[in-house]
Amino acid sequence: MPQSFRKEEQRVDFVRLEEHILALWDREHTFERSVEQRRGREPFVFVEGPPTANGLPHPGHILTRVMKDVILRYKTMRGFYVPRRAGWDTHGLPVEIEVEKELGLNTKGEIEQFGVEEFNRRCRESVFRYEKEWVNATKRVGFWIDMNNPYITFTSDYIESVWWSLKEIWKRGLLYRGHKVVPFCPRCETALSTHEVAQGYQDVEDPSIYVKFRLKSDSAFMLAWTTTPWTLIGNIALAVHPGHTYVKVRVREDEQWDILILAEARLDDALNGHEYEVIDRFRGEALEGMEYVPLFEYANITGGAAHKVLTADFVSLDEGTGVVHIAPAFGEVDYELCRSRNMGFTQPVDSKGRFTEEVPPLRGIFVKDADKRIIEWLRERGILFREARYLHSYPFCWRCGSPLLYYARESWFIAMKSLRESLIANNEKINWYPGNLKYGRFGNFLENIEDWALSRERFWGTPLNVWVCNSCGAEYCVGSVHELRERAVSDVPDDLHRPYIDQVVLRCENCGGEMKRVREVIDCWYDSGSAPFAQWHYPFENTDEFRRNFPADFITEAVDQTRGWFYSLLAVSTAIFNEPPYLNVLSLGHILDEQGVKMSKSRGNVVDINRIFNNDGADALRWYLFTAGPPHDDIRFSERDITRSKKFMNTFWNSYFFFITYAIIDRFIPHKEAIPVDKRNYMDRWVISRLNTVIGEVIEAIERFDVHVAARRLEEFVVNDLSNWYIRRSRRRFWIPEESFDKECAYQTLYEVLMTLCKLLAPFLPFITEHIYQNLRDTEQPDSVHLCDYPTPVESLIDAELEDSMSMVVKLVEAGRRARSDAGIKIRQPLSDVVIACSDADKLTKVRNLMDVLRDELNVRAVRLCVEHPAATGYIRVDVDDTLSLFLNTQLDKGLIAEGLVRDIVRRVQGMRKELDLDYTAEIRIMYECDAEVEEAIESFRDYICAETLAVELKRGKDGHMYGRSWKIGDRDVYIAISER
RNA sequence: GGGCUCGUAGCUUAGGCUGGUUGGAGCGCUCGGCUGAUAACCGAGAGGUCCGGAGUUCAAAUCUCCGCGGGCCCA
């Protein structure tokens with residue numbers, strides 16, 4: 001039984017096609033088999049950066065999913081074992097905020113009143129609210145990943161692995177308690193993430209005051225500047241720049257003279273017209289360690305010295321006085337400076353932003369409301385030098401509009417600074433795409449790494465696994481559920497989340513007292529950074545699995561993950577294993593709207609991906625995303641361009657459709673016995689050579705993650721080489737009715753090229769390639785294109801010289817067409833000859849091999865080659881390059897004109913066949929009426945006309961039963977009628 | 001405010017590392033041609049301050065610096 005191909009529609013509905021393929025993959029478990037088939041081969045390890053499914057997936061998510069997919073499918077086809085496991089990120093503040101909104105809760109107090117148990121239950125539920133949409137979109141876009149068995153960061157196994165890793169860090173003394181200055185909303189009683197802070201900046205006017213601090217050793221004052229008078233209550237130090245020049249000046253204030261110290265560069269601005277006289281100049285470092293009289297005696301200072309002048313490089317001379325007031329409770333740099341110089345700490349403000357009883361006159365007053373009182377006091381005591389107003393941008397709570405306070409909170413840290421060298425060394429082992437990130441954004445970040453503030457005073461997250469003794473203050477980090485059970489004096493819940501875990505009391509090994517868990521949960525970035533081991537429940541289970549899958553060969557996410565997941569993975573892995581967790585990382589650009597503006601819900605410019613799936617299909621979307629530009633560049637999303645990417649798919653489809661159409665007619669059987677390529681004609685050898693060259697280029701590009709280059713090479717091959725040149729030039733070889741060696745060569749060649757293209761394109765366009773492959777394959781071949789090996793170039797099939805010759809011929813053809821166009825002679829009109837003149841003998845030889853192509857394409861009877869330019873008249877000249885020119889003979893004789901007429905008639909008949917929608921193989925009768933000259937032409941080309949149009953009868957006359965039309969050919973009238981025999 | 005990145009025709013882009021004929025191409029537009037796979041294709045035309053400015057150089061889209069605009073990250 002000879003192989004026969006299924007018939008196809010010329011106009012294909014990609015969306016329906018894709019739905020069928022999805023069902024096929026489901027039925028046949030193609031994904032699972034594509035992975036399993038490679039078991040035992042070299043692994044290619046991928047880690048999925050877990051998304052949070054508490055919102056709908058948007059185009060940016062789709063981009064990362066298809067980029068992951070194209071690489072993983074490619075590696076699979078290259079023979080690697082590439083298991084892929086989905087993951088879900090399920091903890092964290094964004095989840096809590098969504099639930100707060102739904103419940104109408106605003107503060108932590110309200111959540112506690114509502115009940116942490118119920119609150120967390122709702123959080124857990126919310127993170128899978130859009131799971132179905134995520135799963136659907138993932139499947140629909142063709143991203144193959146195992147979503148039946150995902151890792152989930154809230155499961156007890158995952159949490160236990162995270163606990164184990166934190167205990168490792170704790171055992172090494174890298175987990176410590178300290179203060180962190182965070183942007184804090186006093187009304188919501190919550191620290192805000194930087195992202196939340198960023199959306200709440202407003203321009204406001206604040207007081208701007210210049211305050212005099214009296215030095216103890218001297219009658220001089222340090223003149224400092226601040227826009228937040230209330231923070232003066234927490235003043236611990238003053239800072240000056242060690243290298244800049246400071247001056248001691250006598251300044252006139254009303255009737256008296258003061259001696260002030262400030263930066264020389266700030267003199268004019270700060271003194272604002274006051275009369276002054278410089279009496280001393282020195283570098284800032286000369287002030288180091290000088291003590292001053294505190295402004296207020298309220299603060300209860302612990303843990304170190306106070307009221308001294310310090311030097312610090314961050315002091316700027318852009319504004320103020322060059323003397324900076326330092327309050328460690330209210331500023332991050334302030335806090336860091338005091339900590340590094342062993343200065344003390346004071347926190348006179350409570351978590352609602354009100355002064356505590358440490359400050360009796362201001363007790364219970366909100367800090368911002370205290371500014372006026374404080375300024376008044378300073379004025380009364382004569383230490384307010386100047387007061388003004390100051391316009392600047394200041395952050396407010398996006399939720400309630402309260403001004404945010406920078407506020408020191410107790411926090412747990414991982415000492416990343418001490419791992420700096422290891423982080424940098426591990427980064428050395430990672431390949432970054434694009435490369436600039438390695439030493440740029442990411443490298444710089446590592447150079448200046450800060451300790452990781454790990455804890456969050458929140459509810460829904462992995463509970464921080466540290467217990468503290470009520471009696472002796474001992475700390476203990478629990479590293480497993482087993483350990484927890486052993487040491488607990490109460491029951492251990494199955495659910496390790498708050499509030500249950502908060503009830504677990506441990507016995508203190510030091511003093512026998514009771515230990516309670518600290519209240520914090522951990523940063524959810526630590527959760528996802530633990531994915532390489534926690535997804536395996538390592539080290540409690542799957543130790544071999546983990547070892548085989550660490551480090552990952554490949555991860556990819558959008559560039560905003562540089563300091564997010566890319567960092568948290570490296571941080572955790574360096575702390576625990578001192579190894580890089582991934583070896584190649586591809587950072588992707590973002591999807592912007594057509595105006596180049598970020599897509600966001602609030603702007604309402606987010607494209608509905610389901611509409612794209614339903615209108616254009618997944619392959620068209622994928623192709624658009626792959627070809628839009630380098631993967632690391634932002635994409636301005638344009639639906640019009642997606643439609644354009646369908647053009648390429650149409651061309652690919654039509655090439656296949658052409659093949660199928662004639663292969664069915666001719667009952668072509670693939671793989672009957674392959675004709676050696678060197679026995680085939682030059683067009684066949686050429687297209688096979690081009691194909692193999694392109695295979696090499698595609699592989700090289702994907703290996704560099706230049707996905708866009710690979711895709712564009714393929715597109716160029718399909719459109720230019722295959723469709724517009726090979727098939728167009730070879731069409732007639734398929735039309736010959738009888739069996740022939742040459743026809744068999746053409747069929748075999750086109751079949752092989754299409755099959756190879758399916759495999760080459762399969763990682764990019766998994767649907768259409770699968771569909772075409774299913775029809776083309778025979779039973780010997782794998783039952784899915786995705787189970788095939790990726791093609792590799794066969795060097796012996798690459799004929800660089802032939803490719804070279806052909807590209808020269810293409811140029812000559814273009815030149816010839818231009819010559820015709822200039823002369824106003826259409827291509828259908830045969831001409832007698834064309835002369836190719838070339839001073840380069842080597843080039844001329846290359847053209848000589850392909851003269852037939854030139855003759856056919858230019859529709860001339862003869863092609864002549866010569867070294868010298870001919871001096872003949874009647875020729876029109878076009879230069880191709882310095883050495884190569886084309887001369888087209890534009891003289892017409894009677895014979896040529898007759899042949900041109902006949903071609904026109906054939907063309908009209910073919911058009912009429914199409915109008916009648918006749919089968920390609922249908923035979924017809926033709927009748928015509930015309931003048932004598934045309935009739936003579938028809939008669940002399942009778943056989944040619946019949947062969948071209950499959951006519952069995954061609955005669956003069958008219959028949960009302962036939963389909964007839966009158967034509968104007970040149971200036972002659974011709975009537976033609978046809979009918980099926 | 002700082003770091004990174006991008007800016008080429010109406011739109012999407014190649015080229016930029018390694019400076020050197022007239023800065024390529026696709027879509028769209030105008031005109032002409034071709035067409036029995038193709039809503040495809042071919043030819044001609046209109047359309048460019050290569051974001052702006054300065055510098056280096058015999059020579060800059062390309063290298064350097066300073067701006068402007070978009071994006072991301074951080075403050």
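Every chain is numbered from 1 and lettered A, B, ... according to where its sequence line falls, protein lines coming before strand lines. Any value given below was found using the heavy atoms of this structure, including those in side chains, with hydrogens, waters and symmetry copies removed.
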Round to a whole Å and report the spacing from [atom1] of [X] to [atom2] of [N].
X: A:I591; N: B:G71; atom1: CD1; atom2: P; value: 15 Å
X: A:Q829; N: B:C34; atom1: CD; atom2: P; value: 11 Å
X: A:R733; N: B:A37; atom1: CZ; atom2: P; value: 15 Å
X: A:Y751; N: B:A37; atom1: OH; atom2: P; value: 22 Å

> Using the C1' atom in both, what is the distance from B:U18 to B:C31, to the nearest Å?
Replying inline: 43 Å
>> In whole Å, measure the gap between the C1' atoms of B:C50 and B:G16 for me.
In response: 11 Å
Any N or O donor-acceptor pair under 3.5 Å from the base of [N] to the side chain of [X]?
X: A:R11; N: B:A39; value: yes
X: A:T651; N: B:A37; value: no
X: A:R441; N: B:C72; value: yes

> Where is the tightest heavy-atom contact between A:F764 and A:D619, given as atom of each residue plus distance?
Replying inline: O-OD1, 4.4 Å
> What pairs meet the side-chain hydrogen bond (donor to acceptor under 3.5 Å, both in side chains) rule with one or both residues in residues 649-663 of chain A, with sequence neighbours excluded?
Replying inline: A:E8-A:Y656, A:Y656-A:N775, A:Y662-A:W735
> Would you say A:K647 reaches B:C27's phosphate, i.e. side-chain N/O to OP1/OP2 under 4.0 Å?
Replying inline: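 Yes.
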